[in-house]
Amino acid sequence: MANASYILTPTEPKNRHASIDILRGVAVLGMVFMTIQAFAMPMAAYINPTVYENLTNNDLYVWIVSHVFTDGKFEAIFVMLFGASMVMLSQKARKEHLRSSDLQNKRLIYLGVFGILHAYLLWYGDVLLSLAITGLLMFIFRRKKSSTQIRAAVIFLIIGSAISLVLGYSVPVWEPGEYEANRTEIWQPDATDISEEIDYYTSPWERQILYRAPQAFDNQTSQFVFQRFWKYAGMMLIGMALYRRKAFKAKQSNRFYLKMVGYGLGLGLPLVAVGTMLNFNFEWDFRLSYFFLSQLNYWGSILMALGYIGIVMLFCKSSTRSFLAKRLAEVGRMALSNYILISLICSFVFYGQGLALFGDVDRSLQAVFVLGIWVFITSVSAIWLSYFKYGPFEWLWRTLTYGKLQSMAKD
């Protein structure tokens with residue numbers, strides 16, 4: 001059998017599934033809502049909105065909308081689509097009687113390298129390395145039946161949820177002072193800690209690394225092992241199963257997608273909304289909110305993501321050639337490049353190598369920035385793809401993966 005890493009070729013733009021590109025574009029744009037909060041404010045404010053700035057009036061409404069409707073939802077879609085891409089590549093290789101394992105491994109290893117560079121040079125909240133490591137571990141499921149993938153996904157998700165619950169219940173037996181130290185570090189930093197973070201991120205780029213590196217390392221080690229891996233594994237497997245059932249190709253019936261919308265939003269939205277209300281009711285208590293109530297958004301975000309997928313697929317069944325559909329597809333075709341571009345924009349706006357607005361932009365103004373970023377990356381994607389086949393990072397990723405310089409210019 002031939003080696004796929006040398007014979008199998010990348011999918012040409014004309015052979016891509018428009019519905020998948022559109023959905024990926026929606027995911028990229030949706031994630032900006034939460035990404036900008038992580039760039040604009042101290043890290044603890046991302047999970048505990050009461051820790052920094054006043055959470056009143058318009059700022060409160062913006063936070064509620066972003067948390068309830070975007071936090072974790074578009075990221076879930078992004079991860080599901082990554083799982084689908086692994087099955088896509090595997091199926092393409094099998095049709096040509098080739099092995100995809102070597103190619104998949106190279107693809108994921110290079111994505112991991114991009115993730116490490118992104119995390120330490122630009123933003124500690126990188127997801128690329130997590131996708132790469134989880135993908136390497138979930139690769140064995142690519143040819144399993146969709147029912148097996150769904151069952152495995154549920155198991156992984158339950159383990160991730162159980163870890164949080166067990167940690168929460170174990171607080172009374174922690175070492176003296178350990179709970180307070182974790183609360184200060186993760187949930188409620190004091191004014192000195194917040195001032196130090198602001199000082200570092202508004203300093204020159206080379207000084208920021210001293211602060212960003214430990215954050216990135218923690219994100220890629222303990223947070224990955226105890227939190228992100230289990231959720232990413234579950235979502236990746238759900239993505240594999242949905243692709244195998246042709247759900248991402250807009251080839252299922254309207255009834256199928258309406259069920260996704262009904263069950264996804266009908267169950268997920270109340271979970272997230274109740275969790276939000278309880279957090280405020282219990283005044284964002286560290287133990288209760290971080291370990292227990294967070295699980296309502298953990299599960300609710302996955303359900304809502306499925307509902308959003310149903311909405312997008314219904315939209316795609318009506319047309320993939322409308323102005324909006326084409327713009328979304330272009331953003332999706334350049335998903336990796338746009339992900340990096342968003343980090344470059346935000347780091348320039350908020351960090352010391354640019355405008356140094358870190359800690360100075362409230363949530364209402366952040367929402368305005370989100371709209372501006374949407375317009376910018378949508379325009380850049382349309383212009384770029386009018387001249388080139390791939391985004392710059394997509395081209396680099398393909399070139400490294402296939403071990404051959406890929407054609408960039410359109411025919």
Side-chain angles (χ1 to χ4, degrees), residues 31 34-53 71-72 75 109 111-134 160 163-164 167-168 171 174-175 177-232 286-287 289-291 294 339-340 342-354 356-361:
M31 288 194 299
M34 300 310 298
T35 298
I36 201 165
Q37 290 188 35
F39 266 105
M41 308 177 87
M43 185 168 65
Y46 186 92
I47 54 175
N48 178 9
T50 65
V51 80
Y52 190 74
E53 296 286 359
D71 185 17
E75 180 185 16
I109 289 170
L111 183 67
V113 173
F114 291 159
I116 292 171
L117 294 174
H118 178 235
Y120 288 90
L121 301 182
L122 287 176
W123 182 45
Y124 64 84
D126 169 77
V127 303
L128 301 180
L129 181 61
S130 296
L131 284 174
I133 297 173
T134 308
I163 288 172
S164 181
L167 287 172
V171 166
W174 287 11
E175 293 292 329
E178 188 177 1
Y179 174 80
E180 291 75 14
N182 276 276
R183 181 178 60 190
T184 300
E185 180 182 354
I186 298 171
W187 194 254
Q188 192 76 45
D190 57 33
T192 302
D193 292 333
I194 291 175
S195 296
E196 180 184 36
E197 186 171 358
I198 293 173
D199 178 60
Y200 270 101
Y201 278 118
T202 53
S203 297
W205 175 81
E206 57 272 16
R207 186 166 183 262
Q208 295 167 29
I209 296 179
L210 300 175
Y211 201 89
R212 180 164 49 243
Q215 290 179 316
F217 183 77
D218 180 66
N219 185 49
Q220 294 169 349
T221 53
S222 62
Q223 287 189 39
F224 176 75
V225 171
F226 290 106
Q227 297 178 2
R228 185 176 282 182
F229 166 73
W230 306 101
K231 189 172 185 180
Y232 272 31
F286 172 47
R287 183 186 180 193
S289 295
Y290 187 72
F291 295 109
S294 62
Y339 180 74
I340 301 298
I342 290 166
S343 290
L344 289 169
I345 294 170
C346 289
S347 62
F348 175 79
V349 171
F350 298 110
Y351 291 168
Q353 65 266 32
L357 296 179
F358 185 81
D360 288 336
V361 179

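For clarity, every value in this text was computed on a predicted model and none was experimentally measured.
Partners of W230 by side-chain contact (heavy atoms from CB on, under 4.5 Å), not counting sequence neighbours, listed by chain and number: F156, I159, I163. Applying the salt bridge (Lys or Arg N to Asp or Glu O under 4.0 Å) rule to R183 yields no partners; only residues at least two apart in sequence or on another chain are considered.
The minimum heavy-atom distance linking I36 with C346 is given by the pair CG1-SG, 4.4 Å.
The backbone N or O of S130 sits nowhere less than 3.5 Å from a side-chain atom of Q220 that would complete a donor-acceptor pair. Side-chain atoms of Y339 come within 3.5 Å of backbone atoms of V127 as a donor-acceptor pair (strictly under, hydrogens ignored).
Remark: of the listed residues F350, Y124, W123, W123 is the sole one forming a ring pair (Phe, Tyr, Trp, His ring centres under 6.0 Å) with F39. Applying side-chain contact (heavy atoms from CB on, under 4.5 Å) to V51 and the options M41, M43, Q188 leaves one that passes, Q188.
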- Please walk me through it: do Y290 and N182 pass side-chain contact (heavy atoms from CB on, under 4.5 Å)? CA-CA 11 Å; Y290 187 72; N182 276 276; over 6 Å; no

- Task: Might you work through the side-chain contact (heavy atoms from CB on, under 4.5 Å) test for R228 and Q223, ending with a clear yes or no?
- Result: CA-CA 6 Å; R228 185 176 282 182; Q223 287 189 39; 5.8 Å; no

- Task: Could you give me the CA-CA distance, side-chain angles and deciding distance for Y351 and R212, then say whether side-chain contact (heavy atoms from CB on, under 4.5 Å) is met?
- Result: CA-CA 12 Å; Y351 291 168; R212 180 164 49 243; 3.8 Å; yes

- Going through the distances and angles, do R287 and Y179 end up as a side-chain contact (heavy atoms from CB on, under 4.5 Å)? CA-CA 9 Å; R287 183 186 180 193; Y179 174 80; 3.5 Å; yes

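Annotation: cation-pi pair R207/Y200 present, NZ/CZ under 6.0 Å from the ring centroid and within 45° of its normal.
Within a 6.0 Å radius of CD in E175, no more than 12 heavy atoms belonging to other residues, nucleotides or ligands are found.
Atom OG1 of T221 sits about 9.5 Å away from atom CZ of F226, to the nearest 0.5 Å. Here CG of L344 is found 9.5 Å from CD of Q353. Values are rounded to the nearest 0.5 Å. In this structure, CG on L129 lies 10.5 Å from CG on L117, to the nearest 0.5 angstrom. In this structure, OG in S343 is found 11.0 Å from CG in L121, a value given to the nearest 0.5 Å.
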